Amino acid sequence: MEFLRNWAEYGRRFFNDPELKRRVVFDDEVDSVIKNIKAQPLPEVRRKIRLDDWKYLGYREGQRREELQLIRQWDQAEGVTIDNDRLVLSRNSFAMSFPEQPWRTKFSWTAMVPDISERVTFRLSDYVVVGFAENGRFFYKVNGVEVAAGSYTPGDFYHFEVEMDPDGGLTPDFGRTDVRASSEIAIDPDQHGYHRRFHPVAYAAYGWNYWQASDNSYPQWISFELNDVHDLTEARLAFRRSDGRTYDFRLEVSADGEQWTAVTDEMTSSADRWTEILLDEPAEARYARVVFTGSSDEYPAALGMVEFYDAGGRVLLADDYPLQGKFNFSVNGKLLADYVPFSYQPDDSRQVTVSSLAMETHGTVILDKIWGVGYQLVTGDDVRFHPFEIETFMDTDFSIRPDPAGFHTTGYDDSDWEVVPYRRYAHGGERRKDEVLYLRRRVHVDDFERAVLNVETVRPSADIYINGRYVKQVGRYPERIDIGEFLKPDQENLIAVRVDPYRVKQVRHHMSSDPWTGWYAGLMDIELTDRSCIDDVFAYATDVSDPARLRLEVQATSENRETFRGRLLARVYPWYPDESGIVAGKSTRSIQIEAGETVNLTEEISIPEPELWTTQSPNLYKVHVIIQDEAGNDVDDYILTTGLRTISQEGGTFRINGRPEMLNGPLLFGHHAPLERIAQWMFSPPKERWVHDILLARKMNGNTLRMSVHDQRLAGVNDRRLAQIGDQMGIMFMWQTPSWVREGPAFDLDFEGLPVYAKQVRHPAPVS
């Protein structure tokens, strides 16, 4: 924390930004870049059908039954009706209860009022009050005072969002004297390494980290001074948990901090997050301490957090200061209240818990899409790396989702399914845990001789169906699947995919603490070709002088019964930023492919006055490769885009196009805001998030992004969209595929997957 404070102070001065609020990248910049990113060109001979705009459904077993039961309960409440998949409240009050949320909470809902003359009030356990006022304005309250903000139009739906922080953002206090211990690890501020995770004993007061004794000798103790004399009735202890470790301990109290009396017998800690102690009789105390007498694995005594209670609730410690809860309030994404004090603070300044959303109106209000997510403080081994746990406690849109049974058949009704919001859509996050992702796409297919389904990748695995027939299961490796026997020519066909949910086995450092990292089906397309066709083309520069040399490695196949004879033509055109129909370079050669065989061909194309690819000038060329038969008829083609650039390291210096270059930029972990989307978007975010991160790097004079691998073979960033975006935005990538592991034995390296992954990112942007 001290480092961050100093770093923030340096940043204020360096950027001349006293409040550190200056935005670096704006939404309109991102939109402008996306608008100018050119889609990859389609072939002109073969027919390529991009499978975009899937309809999707997320569903876990029993979900429909649960939603039916919930709708029935609400529909029976007084003054409430469920109409057109929305809750309607008329001239009444209504409250929804949910499990207590003792720490940070985010709540959102969509609401509409048909009449401007009626007030509608929403209360989150009375601590936060917001709503529609009678004068066409939104309102919120701060310490009981009403504040008008923004305006609304009757009949329009508005998305409300409240973020609550019950302790007002407490920070660790190294100066507090109300916590003492028998011993603790001495920390050298300049020391780096493992022991930096252990912090002074004062941290145990609020669980910022945990206290640990200096060695594994027993007994050891940690004591707390209360803010006054209290009759204690309860204590809650959060011990360090690791591999089922338990501690033997007792609880003692004192009037002066010198003479101690045990108020419990010898106890053993629980494996749960909290060990709760209910005293048989109230114990008068000004001081309380935990005395450790042993550990199941002889590990040093350690405690993450402690809470004491009397009949009135939680007891503050001597150096605690009254908590002041704060909140943010947004409507349609616009921040109206920026971290302001609660509408009403608790009278005793003790811990706030939120457990209900109540609403009241003398008119009518219509609600939809209510969602609440809570964050719970973590205590234990990984508190520095994963300080909280996330859990959705309410999520309803007042509808009953359809049953996916038979989703893969042509007669299934998917009218209630949604359209995926972006290409390579990822489902997931704790909010969607255990939900299978179902995808459907109808596509008209003309007559064909050969049909192939290209699958970029799937995480973790998926079943593919075509026209109700099972095709195969696919996984993380890219695949080209012959689907000729499944498609019906000259009519509409149904492609259906069932993607399995995924939970990481172990949340690793640099990952979200939400283990339900997104599952998805990668980019897919159908290619319809002749029986003699091009399987693959790899283009790369071997020389960037004038003229430049572009090498093509072409793989072609013939499934005809007779030998195929013809020509291979290759033409190169300027494509980005300015496209031209003037050929920049070309080649022609005769080819012969025996029946049922595959040939590998290499061509060198000379390109005079080349426009090279650099991060300052990301020039790209379109490469068009064509197969013609002996009569000169076009049989098949293949189109790709590439840049003329070389990578070398002469003299130990990294070089692009022979010139010394330095790779400057951040490590991209894939933590894309907002917080509740991090796990869902970690490996497959919307394109806007990639563009946003590239712009951030460019604005700090960066020219490179290092991709990160989090979950060994099952994860890593291998997103073909990113390479295509980087080509045009002039960014280089240190590209680590899921074949790579950061630590562990060599046999964990995925040598089988490396070559197939590498084929996906044959672009100038990836340089290592």
Side-chain angles (χ1 to χ4, degrees), residues 40-41 43 534-556 567-580 582-591 598-627 637-663 703-704 720 723-724 726-737 739 754-768:
Q40 294 298 296
I534 301 169
D535 290 328
D536 185 40
V537 178
F538 181 25
Y540 58 97
T542 58
D543 185 351
V544 290
S545 58
D546 189 1
R549 305 289 295 178
L550 183 68
R551 178 171 295 171
L552 304 183
E553 295 180 1
V554 181
Q555 185 180 84
R567 294 191 304 166
L568 180 74
L569 286 71
R571 302 188 181 104
V572 180
Y573 304 88
W575 184 72
Y576 182 87
D578 299 315
E579 190 166 357
S580 171
I582 301 175
V583 175
K586 62 182 179 180
S587 70
T588 303
R589 66 176 294 177
S590 298
I591 61 171
T598 297
V599 297
N600 295 300
L601 309 168
T602 300
E603 283 290 291
E604 290 275 352
I605 299 179
S606 176
I607 302 177
E609 300 180 5
E611 296 289 339
L612 304 185
W613 188 94
T614 67
T615 55
Q616 295 78 27
S617 300
N619 298 296
L620 297 171
Y621 287 86
K622 179 176 73 175
V623 180
H624 191 189
V625 181
I626 304 170
I627 289 179
D637 70 342
Y638 194 107
I639 287 183
L640 58 85
T641 60
T642 191
L644 298 176
R645 71 103 176 91
T646 58
I647 306 172
S648 58
Q649 199 170 346
E650 296 92 356
T653 299
F654 178 79
R655 299 171 188 269
I656 295 292
N657 298 330
R659 296 177 178 271
E661 185 71 82
M662 181 176 287
L663 299 175
N703 62 7
T704 308
R720 192 168 66 198
Q724 295 168 355
D727 283 354
Q728 298 181 41
M729 291 187 68
I731 195 81
M732 293 183 287
F733 296 108
M734 298 174 67
W735 197 287
Q736 296 166 191
T737 79
S739 301
L754 183 58
V756 291
Y757 288 135
K759 290 175 69 174
Q760 292 181 301
V761 290
R762 290 170 172 173
H763 291 260
V767 295
S768 68

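Note that the coordinates shown come from a computational prediction; the quantities given were computed from them, not determined experimentally.
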Fill in: Nearest-0.5 Å distance, CZ of residue R645 to NE2 of residue H763
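Going from the CZ atom of R645 to the NE2 atom of H763 covers 11.0 Å.
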- To the nearest 0.5 Å, tell me how far N657 CG sits from L612 CG.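 So the CG of N657 and the CG of L612 are separated by 5.0 Å.
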Can you list everything that forms a side-chain contact (heavy atoms from CB on, under 4.5 Å) with [X]? Sequence neighbours excluded, please.
{"X": "P660", "answer": "T653, R655"}
{"X": "E661", "answer": "F654, I656, N703, M732"}
{"X": "D543", "answer": "S545, R549"}
{"X": "A539", "answer": "L550, L552, V623, L640, T642"}

Which donor-acceptor pairs under 3.5 Å do the side chains of residues 569-580 make with protein atoms, sequence neighbours left out?
{"from": "Y576", "atom 1": "OH", "to": "Q728", "atom 2": "O", "distance (Å)": "3.2"}
{"from": "E579", "atom 1": "OE1", "to": "K38", "atom 2": "NZ", "distance (Å)": "3.4"}
{"from": "S580", "atom 1": "OG", "to": "I582", "atom 2": "N", "distance (Å)": "3.0"}

| Hey, what's the ring geometry for F733 with W735, parallel, tilted or perpendicular (30° and 60° as the breaks)? |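 It falls in the perpendicular class, over 60°.
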Run the side-chain contact (heavy atoms from CB on, under 4.5 Å) test on I639 and K622 for me, step by step, so that the C-alpha distance in whole Å, both residues' side-chain angles and the decisive distance to 0.1 Å come before the verdict.
CA-CA 7 Å; I639 287 183; K622 179 176 73 175; 3.9 Å; yes
Does the side chain of [X] reach to within under 4.5 Å of the side chain of [Y], using non-hydrogen atoms?
{"X": "V544", "Y": "P610", "result": "no"}
{"X": "V767", "Y": "L663", "result": "yes"}
{"X": "D727", "Y": "P618", "result": "no"}
{"X": "L568", "Y": "I627", "result": "yes"}

* Please lay out, stage by stage, how E611 and S617 fare under the test side-chain hydrogen bond (donor to acceptor under 3.5 Å, both in side chains). => CA-CA 9 Å; E611 296 289 339; S617 300; over 6 Å; no
Can you list the residues that meet the side-chain hydrogen bond (donor to acceptor under 3.5 Å, both in side chains) rule with [X], with sequence neighbours excluded?
{"X": "S590", "answer": "none"}
{"X": "R762", "answer": "D536"}
{"X": "D637", "answer": "H624"}
{"X": "R567", "answer": "Q628"}

Name the atoms and distances for all side-chain donor-acceptor pairs under 3.5 Å in residues 601-609, with sequence neighbours left out.
{"from": "E603", "atom 1": "OE1", "to": "S587", "atom 2": "OG", "distance (Å)": "2.9"}
{"from": "E603", "atom 1": "OE2", "to": "R589", "atom 2": "NH1", "distance (Å)": "3.2"}
{"from": "E604", "atom 1": "OE2", "to": "R551", "atom 2": "NE", "distance (Å)": "2.5"}
{"from": "E604", "atom 1": "OE2", "to": "R551", "atom 2": "NH2", "distance (Å)": "2.7"}

**Asked** Can E553 and V537 be said to form a side-chain contact (heavy atoms from CB on, under 4.5 Å), step by step?
**Response** CA-CA 6 Å; E553 295 180 1; V537 178; over 6 Å; no
* **Which residues share a ring pair (Phe, Tyr, Trp, His ring centres under 6.0 Å) with Y621, sequence neighbours left out** =>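 Expected list: none.
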Could you tell me which non-hydrogen atom of P764 sits nearest to which non-hydrogen atom of L620, and how far apart they are?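 Looks like CG-CD2, 3.8 Å.
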Subject >> Shortest non-hydrogen contact between P766 and A723, atoms and distance >> reply: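 Smallest interatomic distance, heavy atoms only, reads CG-CB, 4.4 Å.
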Given V554 and I534, is the side-chain contact (heavy atoms from CB on, under 4.5 Å) satisfied, shown in steps? CA-CA 7 Å; V554 181; I534 301 169; 4.1 Å; yes
**Message:** Before you tell me yes or no, could you show the steps for M734 and T704 under side-chain contact (heavy atoms from CB on, under 4.5 Å), namely the whole-Å CA-CA distance, both residues' side-chain angles and the distance that decides it to 0.1 Å?
**Reply:** CA-CA 7 Å; M734 298 174 67; T704 308; 3.9 Å; yes
Are Q555 and T598 close enough that a side-chain donor and a side-chain acceptor fall under 3.5 Å?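 The answer is no; no qualifying pair exists.
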